[in-house]
Amino acid sequence: MSDSSMLLVSCIEESKKDNRNPALQAKLSLLNNKKHLKMQTNAYLIQVNGSVTHPKVLDVHVNIQRPNTVERIKSQKPRWTVRASEMSKKTFNPIRAIVDNMTAIPNPDKPMIALSIGDPTVFGNLPTDDAVNKAMKEAIDSKKYNGYAPSIGYLSSREVVAKYYTCPEAPLEAKDVILTSGCSQAIELALAVLANPGQNILVPRPGFSLYKTLALSLGIEVKLYNLLPEKSWEIDLKHMESLVDDKTACIIINNPSNPCGSVFNRKHLQKILSVASRQCVPILADEIYGDMVFEEGAFQALAPLSNNIPILSCGGLAKRWLVPGWRLGWILIHDRKEIFGKEIREGLIRLSQRILGPCTIVQGALEHIMNKTPQEFYDNTINFTKCNADLCYTTLSSVPGLCPVRPAGAMYLMVGIEMEHFPEFESDVDFTERMISEQSVFCLPATCFEYPNYFRIVLTVPEEMMIEACRRIREYCETHYQGSESTQDLECDK
């Protein structure tokens, strides 16, 4: 008798003695199927320990000799599987998406005039003040600001900003200031601390495209509320309030406005605050163009008008001091009713630690920049911008098919296009792209700002360049305009 047969007999005998032993019954079943198992594979090896004649304990081990799944995977050759992150895939810049797809080549017979770039320094006609440059040189020469600063900025620098903007209606201390790498990062931190993925924010239309770019990358939904060109770009308050739901994390208010150049009056700001108060929604106030208004005293910051609405006000040096490349901005935390409480403040501090704060040299120069820049410098910048605004508005108001909206501040002017009088163009993008190829004048189509059939003009170019650009725009429109010019004033309220 073979060993396996003897083993089978022994198991049967044991089974007769104790037919309730489940382990023994399992072993018996295994032995009965041994022949079948061998037919399927040679990978099963049954080892028996103990005496064959007097089996007291049967210890059956099944050892599968074939490589298991993990071993097979390990044996495969590694392959490169590097993929872009979901955050990067969600990040979308409307301006870049539109401008980068333009294929127009400027007219070689006409020098290019770019009225599209929101950088006041690009043409060299608006340098910062000598006092600002001197402050930077002194900060460098002091050798005090070559190391790391706290991620939210030096205490002394935050005190400078707090003292500059504090007022009895909206008092500020250093603890209420977060210094950032430009106003753009201030907006990013404010959004990141207020909203979670799946929540939504309310954003102006037309509005600065970065709001949407930042929000989408963070998984935050964007809801667009309308601005009204016939009311100098005031907010359609009923529309804005209708968008609020239980997932609304904040309302963004941009005043003065990019791209509109509008400035809200005190009464309108109070109505905005009333909406936020009724709905219990905090405000992110983008006030980077604060005080850059054409009428003295016309700018009103939002926070001093309310003592119960939590507001994160974002600003920076970029525009008013004409140093956008220096990348120093701030968040002012207005929370007199402690609705933000410690959680939002601590959240901003944690978020600021991702890049360890803005440029230390600029922080070292900040006191002299903010307190020793002469008023004449600010006045000259505003007067220059206003002159260009008046020139541009007056000239384009008489151009057939165009409807400029008079700006009141910032650095921009929006121009409506009566597309029905330019039937050969499909959109504002098509209109502005052809203007590049025919006239070498580049204006941003307002589709970049979620507002088609308009284009934006930057007002900080040299005066002679603005005059020439307006002349070319007139020539371009007169070439392509179709319809009776006598009806223009009826169609476009100027």
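Since this is a predicted model, take the numbers as computed values, not measurements.
Just one residue in the list Ile95, Leu214, Leu444 forms a side chain to side chain contact (heavy atoms under 4.5 Å, CB included) with Ser209, and that residue is Ile95. The only option from Ile152, Leu317, Leu179 that meets the side chain to side chain contact (heavy atoms under 4.5 Å, CB included) definition with Pro358 turns out to be Leu179.
Between Thr248 and Asp245, the side chains place a donor N or O and an acceptor N or O closer than 3.5 Å (distance only, hydrogens not considered). At a cut-off of 3.5 Å, with distance as the only test, a side-chain donor of Arg205 or Asn226 sits close to an acceptor on the other residue. For the 3.5 Å distance criterion, the side chains of Gln199 and Glu221 fail to qualify, holding no donor opposite an acceptor. In the model, Arg474 has a side-chain atom that pairs as donor or acceptor with a side-chain atom of Ser398 under 3.5 Å.
Rounding to the nearest 0.5 Å gives a distance of 6.5 Å between OH of Tyr148 and CG of Leu356. Rounding to the nearest 0.5 Å gives a distance of 12.0 Å between OH of Tyr476 and OG of Ser440. Leu302 contributes atom CG, which lies 7.5 Å from atom CD1 of Ile309 (distance to the nearest 0.5 angstrom). The CE atom of Met411 sits 11.5 Å away from the CG atom of Asn388 when rounded to the nearest 0.5 Å. With values rounded to the nearest 0.5 angstrom, Ile272 atom CD1 is found 13.0 Å from Lys267 atom NZ. For the atom pair CD1 of Ile344 and CD of Glu338, the computed distance is 13.5 Å after rounding to the nearest 0.5 Å.
Counting heavy atoms from C-beta outward, Pro404 and Leu413 have side chains that approach closer than 4.5 Å. Between Asp236 and Leu227, every side-chain heavy-atom pair lies at or beyond the 4.5 Å cut-off. Residues Met136 and Lys134 form no side-chain contact, since every pair of their non-hydrogen atoms from C-beta on lies 4.5 Å or further apart. Side-chain contact check for Ile178 versus Thr180: some heavy-atom pair is nearer than 4.5 Å. Side chains of Leu115 and Arg456 form no contact here, defined as non-hydrogen atoms less than 4.5 Å apart. Looking only at side-chain heavy atoms (C-beta outward), Cys477 and Glu418 stay at 4.5 Å or farther from each other. For the pair Arg327 and Ser184, the minimum side-chain heavy-atom distance is below 4.5 Å. Side-chain atoms of Ile331 and Ser313, non-hydrogen and from C-beta on, never get closer than 4.5 Å to each other.
Looking only at distances, no side-chain donor or acceptor of Ser88 sits under 3.5 Å from a matching main-chain atom of Ala84. Asp100 places no side-chain N or O within donor-acceptor distance of the main-chain N or O of Met102, the cut-off being under 3.5 Å. Of the possible donor and acceptor atoms, none in the side chain of Ser437 sits under 3.5 Å from a partner among the backbone N and O of Ala104. Side-chain atoms of Glu287 never come within 3.5 Å of backbone atoms of Ala301 as a donor-acceptor pair (strictly under, hydrogens ignored). Checked by atom type and distance alone, the side chain of Thr213 pairs as donor or acceptor with a backbone atom of Phe92 at under 3.5 Å. Using modelled atom types, no side-chain atom of Thr91 and backbone atom of Ser217 make a donor-acceptor pair closer than 3.5 Å. Remark: side-chain polar atoms of Asn380 are not paired, donor with acceptor, to backbone N or O of Phe384 under 3.5 angstrom. A donor-acceptor pair is defined here as one N or O able to donate and one able to accept, closer than 3.5 Å; such a pair exists between the side chain of His268 and the backbone of Ile235. At least one donor-acceptor pair under 3.5 Å links the side chain of Thr432 to the backbone N or O of Val429. Counting only distance, with no hydrogens or angles, the side chain of Asp176 and the backbone of Glu173 share a donor-acceptor pair below 3.5 Å.
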Report all side-chain donor-acceptor pairs from residues 154-169 shorter than 3.5 Å, counting only partners two or more places apart or in another chain.
from	atom 1	to	atom 2	distance (Å)
Ser157	OG	Gln363	O	3.0
Arg158	NE	Gly153	O	3.2
Arg158	NH1	Ala174	O	3.0
Tyr164	OH	Arg320	NH1	2.6
Thr166	OG1	Leu172	N	2.9

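Residues Pro259 and Phe449 come closest through the heavy atom pair CG-CG, 3.7 Å. In this structure, Pro127 and Phe377 approach most closely via the heavy-atom pair O-CE1, 3.5 Å. Nearest heavy-atom pair across Met466 and Val461 is CE-CG2, 3.6 Å. Of all the heavy atoms in Cys392 and Leu459, the pair that sits closest is CB-CD2, 4.3 Å. Taking each heavy atom of Lys319 and Gly118 in turn, the nearest pair found is NZ-O, 2.7 Å. Here the closest heavy-atom approach between residue Ile339 and residue Asn308 is recorded as CD1-O, 3.2 Å.
Residues that satisfy the salt bridge (Lys or Arg N to Asp or Glu O under 4.0 Å) test with Arg406, not counting sequence neighbours, are Asp390.
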- Task: For the pair Tyr225 and His239, evaluate ring pair (Phe, Tyr, Trp, His ring centres under 6.0 Å) and give the outcome as yes or no after the intermediate values.
- Result: CA-CA 6 Å; Tyr225 64 82; His239 181 235; 7.7 Å; no
- Verdict with reasoning, Val203 to Lys223, per side-chain contact (heavy atoms from CB on, under 4.5 Å): CA-CA 6 Å; Val203 172; Lys223 291 186 175 184; over 6 Å; no
- Using the side-chain contact (heavy atoms from CB on, under 4.5 Å) rule, take Phe294 and Val263 through it: C-alpha gap first, then chi angles, then the decisive distance, then the call. CA-CA 9 Å; Phe294 301 154; Val263 180; over 6 Å; no
- Evaluate the side-chain contact (heavy atoms from CB on, under 4.5 Å) criterion for residues Ile333 and Leu312: first the C-alpha distance (whole Å), next the side-chain angles of each, then the deciding distance (0.1 Å), finally the verdict. CA-CA 5 Å; Ile333 304 170; Leu312 296 181; 4.0 Å; yes
- Message: Ile369 vs Trp326, test: side-chain contact (heavy atoms from CB on, under 4.5 Å). Steps then yes/no.
- Response: CA-CA 12 Å; Ile369 290 174; Trp326 291 9; 4.0 Å; yes
- Would Glu468 and Arg472 count as a salt bridge (charged side-chain N to carboxylate O under 4.0 Å, His left out) if you check the C-alpha gap in whole Å, the side-chain angles of each, and the deciding distance to 0.1 Å? CA-CA 6 Å; Glu468 174 61 16; Arg472 294 187 199 177; 2.9 Å; yes
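Applying the 6.0 Å contact sphere to NZ of Lys137 captures no more than 12 heavy atoms from other residues, nucleotides or ligands. Residue-environment remark: NZ (Lys89) exceeds the threshold of 12 foreign heavy atoms within 6.0 Å. In the displayed structure, Glu463 atom CD is contacted under 6.0 Å by at most 12 heavy atoms of other residues, nucleotides or ligands. Within 6.0 Å of atom CD in Glu376, 12 or fewer heavy atoms from other residues, nucleotides or ligands are found, so the atom counts as exposed in its surroundings.
The list of side-chain hydrogen bond (donor to acceptor under 3.5 Å, both in side chains) pairs with a residue in residues 443-455, not counting sequence neighbours, reads Lys212-Glu450, Asp428-Thr447.
If you look at Phe431 and Phe422, their ring centroids are closer than 6.0 Å. Aromatic ring centroids of Tyr289 and Tyr412 lie under 6.0 Å apart.
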